[in-house]
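Along the sequence shown, residues are numbered consecutively beginning with 1.
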Amino acid sequence: IGRSAHYDRLLALLYIDLDRFKAINDSLGHEAGDQVLVDVAGQILRHRFDTGALYRIGGDEFAVILEDLTSPEQAAEKAERILQACRRPLTVGTREVVITASIGIALFPGDTQNPDRLVEDAHAASKRAKKIGQDRALFYSEQFNAAALERLEWESDLRKALRQREFHIYFQPRVGAESGEMVAMEALLRWEHPKHGRVSPDRFVHILEETGLIGAVSDWLIREACQQCKALQERSHPGIRVSVNVSSMQLLTHSLLDSVRSALAASGLAPHCLELEITESVLVDDPREAAATLDRLKSFGVQLAIDDFGTGYSSLHYLQHLPVDSLKIDRSFLVDLPESPDQTALTETVVTLAHNFGMLAVAEGVENERQHAFLKALGCDEMQGYLFGRPQPLAELAAQLDRTSSPADPRRTRDTGKPAVRG
């Protein structure tokens with residue numbers, strides 16, 4: 001509490017009370033009960049509390065102190081992970097045992113500033129959780145329970161969404177600046193919630209990242225995008241490429257490499273027809289690891305783009321040393337084009353920068369002919385936005401594409417014939 005007060009950070013005490021533990025002791029004996037306690041503690045510890053520690057208070061009760069939190073939701077998320085860990089089946093002798101837990105959460109400075117009272121509040125919350133059904137976590141303060149329960153419901157729904165095929169892909173066309181013909185499409189994740197209808201990605205992507213679910217969803221997205229792009233190519237549009245946004249969390253794991261390799265092999269899509277879009281921030285968070293991953297991805301033959309360029313941590317250093325093929329100009333730079341002198345200067349600088357490094361300049365958020373004409377005059381290579389088409393299912397996009405001429409070789413730009421793939 002002293003540290004949290006000094007650094008003005010949130011602290012949470014999680015009081016963990018195992019459910020039905022007495023029944024295990026009574027039916028299997030105290031030795032089996034001791035083994036369950038050791039195994040449960042081990043499962044909880046495997047979650048590696050970077051900002052806290054696990055204590056055994058006595059009997060079948062444990063406590064976790066979480067320091068350096070920024071929101072109550074972080075405490076709720078950690079409590080949910082503990083609940084998941086406790087639910088994993090244990091082998092006791094020749095028997096399989098499943099145990100759950102009731103968790104109470106008390107916060108400093110929100111609930112109290114007294115250490116003894118903090119323990120009492122967390123204990124009271126765990127008793128309430130056990131009384132209303134067990135296998136759950138509750139805050140001592142009701143004001144946090146509604147938000148935490150809502151968050152946990154969204155997380156639970158997201159876990160079901162992939163299994164129940166509630167995710168879909170919409171595609172937004174990308175056109176050559178000169179010809180106006182579609183040369184690529186961006187794959188965009190959509191969630192059709194059975195109760196809430198279509199849910200905006202802004203509402204759920206951060207939950208996927210915070211819970212680690214982003215890996216499985218991204219794997220599915222890459223696989224489906226490759227398969228649907230290949231299907232569109234076989235429908236007499238062989239030059240179409242597809243781009244997919246990659247989470248910074250996934251980029252820094254080896255699973256992305258396996259996911260891309262597997263998706264390309266399963267779909268038969270040529271590697272140069274897949275583009276992975278990354279954000280600038282990941283290049284700053286862990287530049288060495290990011291560079292190593294991008295180099296390996298590039299060895300597969302896929303294309304790489306920096307998304308929303310200019311809104312993060314722009315650096316000429318990584319543009320010089322990383323195998324990037326395209327810079328995507330953020331839509332915020334285009335809002336007042338061509339009237340705004342500042343936006344004009346910024347956009348012209350990014351286009352020139354991209355070309356000087358041998359990359360394509362791709363503009364996002366193009367919504368009117370004035371923007372289109374101005375970007376075309378600047379030498380922007382490709383564009384996407386509502387002027388050329390909104391995100392839509394593949395069938396609708398294919399019908400739109402059927403009404404246009406076949407696109408050119410995707411390895412060359414529409415405007416200059418310059419190769420779009422570096423190196």
Side-chain angles (χ1 to χ4, degrees), residues 73 77 80-81 84 150-174 184-233 235 240-253 255-269 273-279 282 297 302 305 307-308 328 364 384 386 389-401:
E73 286 76 19
E77 178 190 340
E80 176 61 26
R81 292 186 182 182
Q84 292 173 10
E150 181 185 13
R151 160 64 185 255
L152 294 176
E153 286 177 5
W154 280 111
E155 181 179 332
S156 175
D157 289 347
L158 282 168
R159 293 183 186 280
K160 299 174 185 174
L162 196 58
R163 297 194 305 268
Q164 298 177 359
R165 299 185 179 182
E166 295 170 9
F167 289 122
H168 304 282
I169 301 181
Y170 275 36
F171 296 92
Q172 185 169 31
R174 201 158 97 195
M185 55 187 183
E186 181 175 358
L188 300 167
L189 184 64
R190 294 292 183 266
W191 182 19
E192 292 291 339
H193 193 284
K195 177 181 177 182
H196 302 291
R198 184 169 301 166
V199 183
S200 167
D202 294 339
R203 181 67 184 81
F204 66 86
V205 168
H206 70 283
I207 301 178
L208 292 176
E209 292 180 335
E210 291 168 5
T211 57
L213 295 172
I214 191 68
V217 175
S218 292
D219 289 348
W220 174 85
L221 180 63
I222 293 172
R223 183 173 64 251
E224 284 292 310
C226 288
Q227 290 177 349
Q228 295 196 40
C229 183
K230 182 63 176 179
L232 190 59
Q233 289 180 347
R235 185 175 165 160
I240 291 295
R241 315 188 312 268
V242 66
S243 65
V244 181
N245 286 279
V246 174
S247 163
S248 58
M249 292 181 61
Q250 194 183 23
L251 184 66
L252 298 178
T253 66
S255 65
L256 178 61
L257 301 168
D258 295 336
S259 177
V260 170
R261 186 188 294 110
S262 174
L264 291 172
S267 64
L269 185 71
C273 292
L274 172 64
E275 178 183 78
L276 301 177
E277 299 184 16
I278 59 175
T279 58
V282 71
L297 287 168
V302 303
D307 194 22
D308 301 334
K328 298 194 75 175
E364 296 182 291
Q384 70 182 77
Y386 287 174
R390 293 175 177 268
Q392 54 196 297
L394 185 70
E396 296 178 18
L397 186 67
Q400 175 183 335
L401 187 55

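- Between atom CD1 of residue Ile222 and atom CG of residue Leu274 there is a gap of 7.0 Å, rounded to the nearest 0.5 Å.
- Nearest heavy-atom pair across Pro201 and Arg190 is CG-NH1, 3.7 Å.
- Shown here for Lys230 and Gly268, the closest heavy-atom pair between the two residues is NZ-O, 3.5 Å.
- A salt bridge (charged side-chain N to carboxylate O under 4.0 Å, His left out) check over residues 197-208, counting only residues at least two apart or in different chains, returns the pairs Glu150-Arg203, Glu192-Arg198.
- Arg174 and Glu275 are joined by a salt bridge, as a carboxylate oxygen and a charged side-chain nitrogen come within less than 4.0 angstrom of each other.
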>> Is there a side-chain contact (heavy atoms from CB on, under 4.5 Å) between Gln400 and Glu396? Walk through the geometry before answering.
In response: CA-CA 6 Å; Gln400 175 183 335; Glu396 296 178 18; over 6 Å; no
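- The closest side-chain heavy-atom distance from Leu297 to Leu256 is below 4.5 Å.
- Nearest heavy atoms, Ile240 versus Gln233: O-NE2, 2.8 Å.
- Closest non-hydrogen pair, Val242 versus Phe171, comes out as CG2-CE2, 4.0 Å.
- Leu213 and Arg159 make their closest contact through CD2-NH1, 3.3 Å (heavy atoms, listed as atom of the first residue, atom of the second, distance).
- Side chains of Thr279 and Asp307: no donor on one and acceptor on the other come within 3.5 Å.
- Between the side chain of Ser259 and the main chain of Ser255, no donor-acceptor pair closer than 3.5 Å is present.
- Side-chain contact check for Arg223 versus Gln227: some heavy-atom pair is nearer than 4.5 Å.
- Residue pairs meeting the ring-ring contact (aromatic ring centres under 6.0 Å, His included) criterion with at least one member in residues 193-220, sequence neighbours excluded: Trp154-His193, Trp154-His196, Trp191-His193, Trp191-Phe204, His193-His196.
- Looking only at atom types and distance, the side chain of Gln172 has no donor-acceptor partner in the side chain of Gln392 under 3.5 Å away.
- The heavy-atom pair separating Ser218 from Gln250 by the smallest distance is CB-OE1, 2.9 Å.
- We find that Lys328 and Glu186 are joined by a salt bridge, their nearest charged nitrogen and carboxylate oxygen being less than 4.0 Å apart.
- Between the side chain of Arg165 and the backbone N or O of Ala161, no donor-acceptor pair lies under 3.5 Å.
- Side-chain atoms of Leu394 and Ile169, non-hydrogen and from C-beta on, never get closer than 4.5 Å to each other.
- Side chains of Cys229 and Met185 form a contact here, defined as non-hydrogen atoms less than 4.5 Å apart.
- Inter-residue side-chain proximity for Pro173 and Gln384 is flagged as unmet; no heavy-atom pair is nearer than 4.5 Å.
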